Amino acid sequence: MTMKVDMLELSERSARFVLSNTTPAFANSIRRAMLADVPTFAIDDLNIYNNTSVLYDEQLGLRLALIPIATENIDDYTTQDECTCEEGCPSCEVSITLSAEGPKMVYSGDLISSDPSIQPADTNIPIIELKEDQRVVLEALAHKGLGKDNAKWQAGVACGYKNLPLIRVNNCDKCGLCVSECPKGIIYLDEEGAKVSEENLVDCILCKLCEEACEIDAISVKEDESSFLFTVESDGSYSSQQLIINAGNTIKTKATEMQEILNNL
């Protein structure tokens, strides 16, 4: 059977969709790819010229590293491991400068990138509050990386899935116990007995309270091993749609490389 995707919700930062006619292994590979294998930019190194704030240099560096960075042309850059340079070059790193003097709150929007297409995903992320006569002057170097190497390169921040339920009702006596026990209101009664609302089926949490409440075992709840409800959230490095697409492309690339290796054996 052909794999199927049904999009339930889609916004700039989050998405919900049903992936059906596939295997648990493939569903998990999509989840892992969104978390660990989609490349992003993150601040990885600092040149601090002046820091009279209350934060140590290391603390300041940690805060800067966790600022999501969005880019439109990440394929134009390479990782430091793959680059032929020894100490960094325009092909593998982007310079981002910060010069601020108090009193003021310094935000991610105060960072100035040498590449206009590579910018903080949000401009209102607080970095540090500077008091009177306090200054921060630095150059941050952003590099391309993967979430599996460090969390600062992780584009997907809340990516998970659950199996869709298979709810079957046979020989119902219309007692209504299953309806009253269902915490999500998925089951209702009609003239023939208990019925399952297909529209609200994705809300099922597989608690099986309806199954336990039925005294004649007329209802059964199982996991559908070939259908999965995904919940995806992006940190802003990509839109949620692009994050899903990039995860799929990553798996496709790895599968192609594996096929070429096997063909050459």
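Starting from 1, each residue takes its place in the sequence as its number. A quick note: this is a predicted structure, and the numbers were derived from the prediction, not measured. The basis for the numbers below is simple: all heavy atoms, side chains too, and nothing from hydrogens, waters or symmetry mates.
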Flag for [Y]-[X]: side-chain donor and acceptor within less than 3.5 Å:
| X | Y | answer |
| --- | --- | --- |
| S117 | D115 | yes |
| N21 | S226 | no |
| E139 | S95 | yes |

| request: Go through the steps to decide whether S11 and S14 satisfy the test side chain to side chain donor-acceptor pair (under 3.5 Å), and finish with yes or no. | output: CA-CA 5 Å; S11 65; S14 63; 2.9 Å; yes

Got a list of side-chain donor-acceptor pairs under 3.5 Å for residues 53-60, not counting sequence neighbours?
| from | atom 1 | to | atom 2 | distance (Å) |
| --- | --- | --- | --- | --- |
| S53 | OG | N51 | OD1 | 2.6 |
| S53 | OG | L55 | N | 3.3 |
| D57 | OD1 | N51 | ND2 | 2.8 |
| Q59 | OE1 | Y56 | N | 3.1 |

| message | Please list all pairs meeting salt bridge (charged side-chain N to carboxylate O under 4.0 Å, His left out) that have one or both residues in residues 249-260, counting only residues at least two apart or in different chains. | response |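 Listed by first then second residue: D37-K254.
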
Donor-acceptor pair, side chain of [X] and main chain of [Y], under 3.5 angstrom:
| X | Y | value |
| --- | --- | --- |
| T52 | R135 | yes |
| E223 | E225 | no |
| K184 | N200 | no |
| W153 | V38 | no |
| S240 | S234 | no |
| E211 | V221 | yes |
| S227 | L164 | no |

Could you pull out all donor-acceptor pairs under 3.5 Å where a side-chain atom in residues 23-31 meets a protein atom, sequence neighbours excluded?
| from | atom 1 | to | atom 2 | distance (Å) |
| --- | --- | --- | --- | --- |
| T23 | OG1 | F26 | N | 3.2 |
| N28 | OD1 | R31 | NE | 2.9 |
| N28 | OD1 | R31 | NH2 | 3.0 |
| S29 | OG | F26 | O | 2.5 |

| request: Determine, step by step, whether D110 and S108 satisfy the side chain to side chain donor-acceptor pair (under 3.5 Å) criterion, reporting the C-alpha distance in whole Å, the side-chain angles of both residues, the deciding distance to 0.1 Å, and the verdict. | output: CA-CA 5 Å; D110 296 317; S108 53; over 6 Å; no

| said: Students often mix this up, so state it plainly: with edges at 30° and 60°, are the rings of F230 and F17 parallel, tilted or perpendicular? | reply: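 Taking F17 first and then F230, their aromatic rings lie parallel (interplane angle under 30°).
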
| request: Inspect the contact between D235 and K152 and indicate whether a charged nitrogen and a carboxylate oxygen are less than 4.0 angstrom apart. | output: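 Salt bridge flag = no for D235 with K152.
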
| field | salt_bridge(E101, K104) N-O dist < 4.0 Å | value |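 Not counted as a salt bridge, because no side-chain N and carboxylate O are separated by less than 4.0 Å.
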
